[in-house]
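Working notes, structure below.
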Amino acid sequence: MVTGSLLSVKMLWTVVVFGSLVYKTTADSAPIARHAIFVVVDDLGHADLGYTGSEIKTPTLDYLALNGVRLANYYVQRACTPTRAAINTGRYNIRYGLQSGVLKAGIPAGVPANETLLPEALKQAQALHATQHGTQPSDTWSAHAVGKWHLGFFSWELTPTFRGFESWYGYLSGGEDYYTHGTHQAFDFRYDREPNCGVNCSDPQYEANGTYSTYLFTEQANSIIAGHDVSNKLYLYLAYQAVHSPTEVPDQYKIPYAKFSEPRQTFAGMLACLDEGLNNVTNALKAKDMWKDMVMVVTTDNGAPVDCGGIQGGHNYPLRGGKCSAWEGGLRGTAFVYSPLLPTAVQGKQVVFQGLMHVVDWLPTIIAATMGTSPLQAFADTQASKGFALDGVNMWSAICGLEAGNRTEALLECDPYSFPLDRNFPGDQHGNGAGTPYYAIRRNQWKLLVGDPGGGNEDGWFCQGPPCVKGFNASTDVFNSSSIHLYDVVGDPGEHINQAFNFPDLVADLMASLRKYNESAVSSAWEGYPVNQSCVQNGSLTPWLP
C-alpha cells in the first residue's frame, strides 16, 4: 500500500509505477548535505529534554532541536529492534518478519541478509545514478557504526561490517551493564575494524571493562570524524546505549539532580552525560570543518518505558502509555533534524514540522538530503524491481520548509503471528507475553487501535514529577482482543476520548487498510524459538552459525 497521496503541483507528489514510489519534487532548492550523522538515543521519553519543560539540562540537544526542525507527528515502533530495522531498511517490519518484538541474544533471527541497509543504500544509490548518467562519482561514501546493534547476530553476515559499514564499535544485544558491558552472563563489546570483519577479525574489547559506555561511544565517534578523509562523504550511525536501563552513570552527573527521586535522578545524569558527549561530537565535526555541510538526525527508538522494557525514569507526559505499547507514549517519537544548510526561513526559527512522518522515512530522506532525488529514484526503482519496494517517503524538502509533507497514512503496529486480526484471540500465542496484542494505524489526524494497546499494564498516563503532576496515571479503561478505539491524536494527543462510535465508516475504512497490510505480513515465528546457548563463546556473545 502506498503511504502518500497525489498532491498539488506545488508539493512533492507520490504515485505508483511498477510498485515503486516516484520521488518527484518541484523544490529544487532543497540543500544537499555532504555528510550525515544519525544519532539514536535509546528509550528517550516525550518529556525528557530541556526544551520540553523538563528540569534536566540538555543544552546541546536543545540547541540542535530549537535551531533545527522538530518533528511533532513522527512515529517509531514500540521497541528497540523493530525501530532500528525500520530506520535501516526503509521498510515496514512486516516485510521481513521483525514485527513481534525485540531480538533476544541466542535467537537465530535478524534483519535478513537480502534486505539492503541504509549504508548500503547510500552507496548503491550513488553508483546507480552514476551508471545511469555515464559518469563516475567524484567522491565515495565512508560508513561507520558506533554503539548498539540489536538487529541480529546469529551469523556473521548479519553483523554491521557485512551490512555496509566499514567499521563497528559496540555491542550486539539489546542492553547491558554500562561499565562491565556484561549481558546474559557474557561479555558483549566488540570492535570490527574493517569491512566483512568476522572470525579472526572481530575483536572483543575486554579493556573497555570499567569504562562508562557513553564515554566510549563518544570517543570512538570523535576518532572516526578526526580520521575521516574529507574528500569523501561520511555516514556515521551513532546509537548510544543511554538512556536505556540499567540506570547507571558516574556520580558527578547526577549530583545536580539531588532533589529528584530515583530512578529519575540517575536518569537525569545519564541524559546529561549523553548531552555532553554529543556536544563533543559537534566540536569534533567543527574541528574537522565538516559541520558546515552535514545533516544530523537525533531520534529515540521508542517512548520511555513505564512498565515493560526496563523502567529508568523517563517521562512521556502528556502522552499515554510507554515503550512496548501502541499508545502515543510508546510510538510517537522525540526527534529533530539539524543542519547549517537548512534554509534561512527554517534555521533558528524554532520550527516544528506538523506533517505525519514514520521511522521508515529516514532511509529515503537521508539519501535525498545527501545526494538529491535522482539517486533516490534510481535506488527505489531498483529495489522495487527486486521485490523490495520502499515503504519510506522522502521528507527532506518538507523538513526544509519548501513543501508540505506528503505522507497521509502510516502503519504503526501489525502482528498477525501473535494476534490474528478479526479473530477472538484472548492473548499471546507464545504464552510468554512477548507478542503484540494490538494493531495500530494512523491516517491524517486519526489513529485506530485494535486490541489492548498496553498489554494490560501500560494503558494509563505515567509521570512522577515535573513537567507533570506526580501520580498522573489513572485509567479505568478495560481492553480485550476485540477492543476498537479511534482517537483524534492532533486534538487529543493524550488519547482520552474514544471516537470509534462516532465515525463507524472511518473505522471500517481503517480496518480495511489494516487487513491489506495483515495479508502481506511475513511470519515472525522466530519469536517462539528457544535460545541457543552457543551464542556465548569464550565468555563473549558471538555469532554461532555459518
Side-chain angles (χ1 to χ4, degrees), residues 39-43 80 84 102-106 144-154 156 159-161 165 167-194 197-224 226-227 236-255 262-263 266-267 269-278 280-281 284 309-310 312 531-544:
V39 181
V40 181
V41 183
D42 204 335
D43 286 3
C80 311
R84 292 159 200 269
V102 299
L103 291 171
K104 303 176 183 66
H144 300 269
V146 177
K148 178 174 173 175
W149 183 236
H150 210 192
L151 291 177
F153 69 93
F154 70 89
W156 285 109
T159 60
T161 63
F165 292 106
S167 75
W168 168 66
Y169 179 84
Y171 60 107
L172 293 162
S173 64
E176 61 181 15
D177 188 277
Y178 279 76
Y179 292 96
T180 68
H181 315 296
T183 182
H184 306 284
Q185 292 77 52
F187 185 76
D188 185 14
F189 206 99
R190 291 180 171 273
Y191 187 19
D192 295 358
R193 301 171 184 271
E194 59 190 47
C197 185
V199 177
N200 300 323
C201 174
S202 182
D203 184 13
Q205 296 291 286
Y206 297 114
E207 63 272 24
N209 189 344
T211 303
Y212 192 64
S213 73
T214 301
Y215 293 164
L216 292 169
F217 295 147
T218 298
E219 181 180 354
Q220 180 66 11
N222 290 347
S223 176
I224 290 168
L236 175 60
Y237 178 68
L238 176 54
Y240 277 109
Q241 179 177 358
V243 284
H244 194 285
S245 64
T247 47
E248 297 175 322
V249 74
D251 287 342
Q252 67 265 30
Y253 293 99
K254 64 181 182 178
I255 289 174
E262 291 292 2
T266 300
F267 172 88
M270 294 164 69
L271 187 52
C273 182
L274 183 148
D275 188 85
E276 176 187 272
L278 194 54
N280 292 337
V281 172
Q312 30 66 303
V531 171
N532 191 313
Q533 299 301 326
S534 297
C535 68
V536 179
Q537 298 177 17
N538 298 319
S540 291
L541 282 187
T542 306
W544 66 96

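Nothing here was measured: the structure is a model prediction, and the numbers come from that model.
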Could you walk me through whether Gln241 and Ser213 pass side-chain hydrogen bond (donor to acceptor under 3.5 Å, both in side chains), step by step? CA-CA 7 Å; Gln241 179 177 358; Ser213 73; 2.7 Å; yes
Are [X] and [Y] side-chain neighbours, meaning at least one heavy-atom pair lies under 4.5 Å?
| X | Y | answer |
| --- | --- | --- |
| Val40 | Arg84 | yes |
| Gln533 | Gln185 | no |
| Ser167 | His144 | yes |
| Thr266 | Glu248 | no |
| Tyr215 | Gln220 | no |
| Asp177 | Thr183 | no |
| Val39 | Leu278 | yes |

Using a distance-only test with no angle check, is there a side-chain donor-acceptor pair under 3.5 angstrom linking [X] and [Y]?
| X | Y | result |
| --- | --- | --- |
| Asp192 | Ser202 | yes |
| Ser540 | Arg190 | no |
| Gln205 | Asp203 | yes |
| Thr218 | Tyr240 | yes |

Over 60° means perpendicular and under 30° means parallel, so classify the ring planes of Trp544 and Phe153, tilted if in between. perpendicular
Glu219, CD: over 12 other non-hydrogen atoms inside 6.0 angstrom: no
So, taking the atom named OG in Ser245 and the one named CD in Glu176, what distance separates them when rounded to the nearest 0.5 Å? 11.5 Å
Rounded to the nearest 0.5 Å, the CG atom of Asp43 sits from the SG atom of Cys80 at a distance of 5.5 Å
Salt bridge between Lys148 and Asp42, side-chain N to carboxylate O under 4.0 Å? yes
Please determine which of Tyr169, Trp168, Tyr171, Tyr206 meets the ring-ring contact (aromatic ring centres under 6.0 Å, His included) test together with Phe189. Tyr169
